[in-house]
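No hydrogens, no waters, no symmetry mates; every other heavy atom, side chains included, goes into these values. Please read these numbers as outputs of a predicted model, since none were measured by experiment.
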Amino acid sequence: MNTRPLRDLIGARVLGVLGTYSTPEKMGSMAVSICGVEPLSDTRLRTIFAKGHQLKDGQWVTLHLDNRTGVSDYDADLKVYRLSFKGKVIATSAFEVMIDALEYQVAYGMGVVKSYQAPDYAYPLDTRRTVALPTTPLSQVPAMDDSEYDNKIGVLLTYAPSQPHTTVMAFLSSVEDDIFFITFPSTFKSLLLKRDNRCYFAIDSRATFTFEQAIEWNYSIIRGEVYTVPKPSMMFDEIRERFVAKNPWEVGFFSHPEVEMYHLKAANVVCPRMALD
């Protein structure tokens, strides 16, 4: 296991996508924010909100963190440090929030290289029933958004018990803000979506923007519900071909017979600072 400090793996000053629930016990509305993040230790983060925040002491949050800023290629080996940092707010001020870790795993390539779990933390039991996702209402492939063609990765936020789950996803987007992504049905994110198909998807351009430029609204956060794209179908095959063209290094994954394709139908695009249902 990697013994290097989290600050060395992720960076001293990075961007984070933060998710939390307004009513954790009911997994009610999700709030999504973009913030600057400074790891102070392996278990504590300082988060900076350029326009302020609404977080409170004791609130449970999840941040997606990675060291992708300035990295133009995100290849098949996934050689980027990344993690879903589950934490608890311990102190707040007008523009800053201190967060202590509850649990995380740092991934690099296809494996976990560093992990942490607080002594008193256990993953909450998820008693929700798993159901099949509804079929997409689309009857044909929509016009795709060519402006996002060079942007390979977005952050998916799904409804896990107590606090959201975050993960990076290769995606395609349409001019009407439809989002498409492909995954295995056994993945944690897939199981969560089959318990609650609401989610958020954050698109950023950290490969081409500096920290200061990116934090000033260089994000699109899309809220909506997820549907399945039937397989086999002409729409499934056409969208998969577009995935391969955009991410040719993942052709083996996209062509795997067990993968499922999901369609995030946008309800609305939300403001990064005030992204509350």
Verdict with supporting geometry, Val229 and Tyr227, side chain to side chain contact (heavy atoms under 4.5 Å, CB included): CA-CA 7 Å; Val229 179; Tyr227 299 80; over 6 Å; no

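- Looking at Lys265 and Asp177, no side-chain N of the basic residue comes within less than 4.0 Å of a carboxylate O on the acidic one, giving no salt bridge.
- Between Ile99 and Leu63 the shortest side-chain heavy-atom distance falls below 4.5 Å.
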Determine, step by step, whether Ser29 and Ser22 satisfy the side-chain hydrogen bond (donor to acceptor under 3.5 Å, both in side chains) criterion, reporting the C-alpha distance in whole Å, the side-chain angles of both residues, the deciding distance to 0.1 Å, and the verdict. CA-CA 6 Å; Ser29 56; Ser22 58; 2.4 Å; yes

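- Between atom CE of residue Met169 and atom CG of residue Leu264 there is a gap of 10.5 Å, rounded to the nearest 0.5 Å.
- Heavy atoms only, all atoms of each residue included: Gly154 and Phe201 are closest at CA-CZ, 3.5 Å.
- Of the possible donor and acceptor atoms, one in the side chain of Lys246 sits under 3.5 Å from a partner among the backbone N and O of Phe171.
- Here the side chains of Leu45 and Leu40 are not in contact, with every heavy-atom distance at 4.5 Å or above.
- Put simply, CD1 on Ile10 and CG on Asp66 are 7.0 Å apart, with the number rounded to the nearest 0.5 Å.
- There is a side-chain donor-acceptor pair under 3.5 Å between Thr166 and Ser84.
- Residues Thr20 and Gln59 bring a donor and an acceptor atom of their side chains to less than 3.5 Å of each other.
- Residues Ile34 and Ile221 form a side-chain contact, since some pair of their non-hydrogen atoms from C-beta on lies under 4.5 Å apart.
- Residues Pro134 and Asn197 form a side-chain contact, since some pair of their non-hydrogen atoms from C-beta on lies under 4.5 Å apart.
- Judged purely by atom type and a 3.5 angstrom limit, Arg44 has no side-chain atom pairing as donor or acceptor with the backbone of Asp100.
- Scanning all heavy atoms of the two residues, the minimum distance from Val175 to Met144 falls at CG1-O, 3.7 Å.
- Put simply, the side chain of Gln117 never gets that close to the backbone of Glu103: no donor and acceptor are under 3.5 Å apart.
- Between Pro39 and Val37 the shortest heavy-atom distance is CD-O, 3.9 Å.
- Contacts of Arg240 classified as side chain to side chain donor-acceptor pair (under 3.5 Å), with partners at least two apart in sequence or in another chain: Asp237.
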Val226/Cys199 under side chain to side chain contact (heavy atoms under 4.5 Å, CB included): CA gap, chis, key distance, verdict: CA-CA 7 Å; Val226 170; Cys199 70; 3.4 Å; yes

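- Here CG of Leu157 is found 8.0 Å from OG1 of Thr62. Values are rounded to the nearest 0.5 Å.
- Nearest approach of Leu133 to Thr228, heavy atoms of both residues: O-CG2, 3.8 Å.
- Using a 4.5 Å heavy-atom cutoff, the side chains of Asp178 and Ser173 are not in contact.
- Clustering ILVMFWY residues whenever any of their side-chain heavy atoms sit less than 4.5 angstrom apart, transitively, puts Leu191 in a cluster other than the one holding Ile182.
- Of the possible donor and acceptor atoms, one in the side chain of Ser233 sits under 3.5 Å from a partner among the backbone N and O of Pro230.
- In this structure, Arg13 CZ and Glu38 CD are separated by 6.5 Å, a value rounded to the nearest 0.5 Å.
- Atom CG of Leu65 and atom SG of Cys35 lie 8.0 Å apart (nearest 0.5 Å).
- No side-chain heavy atom of Thr130 sits under 4.5 Å from any side-chain heavy atom of Arg128.
- By the 30° and 60° cut-offs, the orientation of the rings of His165 relative to Phe188 is perpendicular.
- Side-chain contact between Asp42 and Tyr116: absent, with no pair of heavy atoms (C-beta onward) separated by less than 4.5 Å.
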Please test Glu260 against Ser190 for side chain to side chain contact (heavy atoms under 4.5 Å, CB included), starting from the C-alpha separation and ending with a verdict. CA-CA 9 Å; Glu260 293 181 338; Ser190 176; 4.0 Å; yes

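- Note that OG1 of Thr136 and NE2 of His263 are 4.5 Å apart. Values are rounded to the nearest 0.5 Å.
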Tabulate below the donor-acceptor pairs under 3.5 Å that side-chain atoms of residues 85-98 make, not counting sequence neighbours, or state none.
from: Ser93; atom 1: OG; to: Glu96; atom 2: N; distance (Å): 3.4
from: Ser93; atom 1: OG; to: Glu96; atom 2: O; distance (Å): 3.4

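- Counting all heavy atoms, side chain and backbone alike, Ala101 lies closest to Ala118 at O-CB, 4.0 Å.
- Two residues are said to be in side-chain contact when any heavy atoms from C-beta on lie closer than 4.5 Å; Ser41 and Leu6 fail this criterion.
- No donor-acceptor distance shorter than 3.5 angstrom exists from the side chain of Ser115 to the backbone of Gln105, with no hydrogens or angles considered.
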ring-ring contact (aromatic ring centres under 6.0 Å, His included) between Tyr21 and Tyr159, worked out: CA-CA 9 Å; Tyr21 300 137; Tyr159 283 75; 5.6 Å; yes

Evaluate the side chain to side chain contact (heavy atoms under 4.5 Å, CB included) criterion for residues Val141 and Met234: first the C-alpha distance (whole Å), next the side-chain angles of each, then the deciding distance (0.1 Å), finally the verdict. CA-CA 9 Å; Val141 177; Met234 291 183 63; over 6 Å; no

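- Taking the six-membered ring for Trp, Tyr262 and Phe181 have ring centres closer than 6.0 Å.
- The minimum heavy-atom distance linking Phe243 with Ala170 is given by the pair CE2-O, 3.8 Å.
- By the side chain to side chain contact (heavy atoms under 4.5 Å, CB included) test, Glu258 is found to be paired with Phe184, His256, residues two or more places apart in sequence or in another chain being considered.
- Checked by atom type and distance alone, the side chain of Glu250 never pairs as donor or acceptor with a backbone atom of Phe254 at under 3.5 Å.
- Side-chain atoms of Lys231 never come within 3.5 Å of backbone atoms of Met261 as a donor-acceptor pair (strictly under, hydrogens ignored).
- For Thr187 (side chain) and Thr183 (main-chain N/O), no donor-acceptor pair under 3.5 Å exists by modelled atom type.
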